[in-house]
Amino acid sequence: MKTVADLMTRQVLTVDPEASAKEAAHELVLAGYHGAPVRDSAGHVLGVLSTTDVADQVEPKKVGDVMAPVLFAVMAADPAMDAVKRMVETGTHRLVVVDESGELVGLVTPMDVLKALLGGWRPE
């Protein structure tokens, strides 16, 4: 059985909640991403910032002011299909993967699922 760990991206760009939202959006664009997890100095996920979150911002704000809260997180050992189903059911484009203490260990996106399918994975 394939797990979330088999799908997830381990090298994840993250942003600081105290960073300027505009600067964080610039970093996302330069990296070619549309969003990234927001985490504190202890590594705990606080939310997710997407370029959409800052697109309509006229005045300068911090990432923590415009990020979306993390409503759904999975663990690396969870079945991969559970993560895929959660993404589909909730319309989530970024599913954070955390360890037992809530620290970020990865991220699952629709692109990760497509890569697994192209690699031969057949969901059960």
Measure the [atom1]-[atom2] distance between [X] and [Y] for me, rounded to the nearest 0.5 Å.
X    : Y   : atom1 : atom2 : value
M111 : L7  : CE    : CG    : 13.5 Å
F72  : R94 : CZ    : CZ    : 14.5 Å
D65  : E18 : CG    : CD    : 8.0 Å
L95  : T90 : CG    : OG1   : 7.0 Å
L107 : Y33 : CG    : OH    : 9.0 Å
L46  : R39 : CG    : CZ    : 10.5 Å

Shortest non-hydrogen separation from [X] to [Y] and the atoms involved:
X   : Y    : answer
M1  : P79  : SD-CB, 3.8 Å
A73 : V70  : CB-CG1, 4.2 Å
T14 : L104 : CG2-CD2, 3.3 Å
V84 : W121 : CG2-CH2, 4.0 Å
A76 : V97  : N-CG1, 3.5 Å
M81 : P123 : SD-CB, 3.3 Å

When hydrophobic residues are tied together by side-chain contacts of less than 4.5 Å, even through go-betweens, does [X] share a cluster with [Y]?
X   : Y   : answer
V54 : L13 : yes
L71 : V96 : no
M75 : V12 : no
M67 : V15 : yes

Evaluate H93 against M87 for side chain to side chain contact (heavy atoms under 4.5 Å, CB included), listing each step before the verdict.
CA-CA 7 Å; H93 296 275; M87 290 173 70; 6.0 Å; no

Within the structure provided, determine whether D78 and T3 are in side-chain contact (heavy-atom separation under 4.5 Å).
no

Answer yes or no: are there more than 12 heavy-atom neighbours, outside K62 itself, under 6.0 Å from its atom NZ?
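At most 12 heavy atoms, drawn from other residues, nucleotides or ligands, come within 6.0 Å of this atom.
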
What donor-acceptor contacts under 3.5 angstrom involve side-chain atoms of residues 20-31, with partners at least two apart or in another chain?
from : atom 1 : to  : atom 2 : distance (Å)
S20  : OG     : K22 : N      : 3.3
S20  : OG     : E23 : N      : 3.2

Carefully, step by step, assess V98 and V45 under the rule side chain to side chain contact (heavy atoms under 4.5 Å, CB included).
CA-CA 8 Å; V98 297; V45 180; 4.1 Å; yes

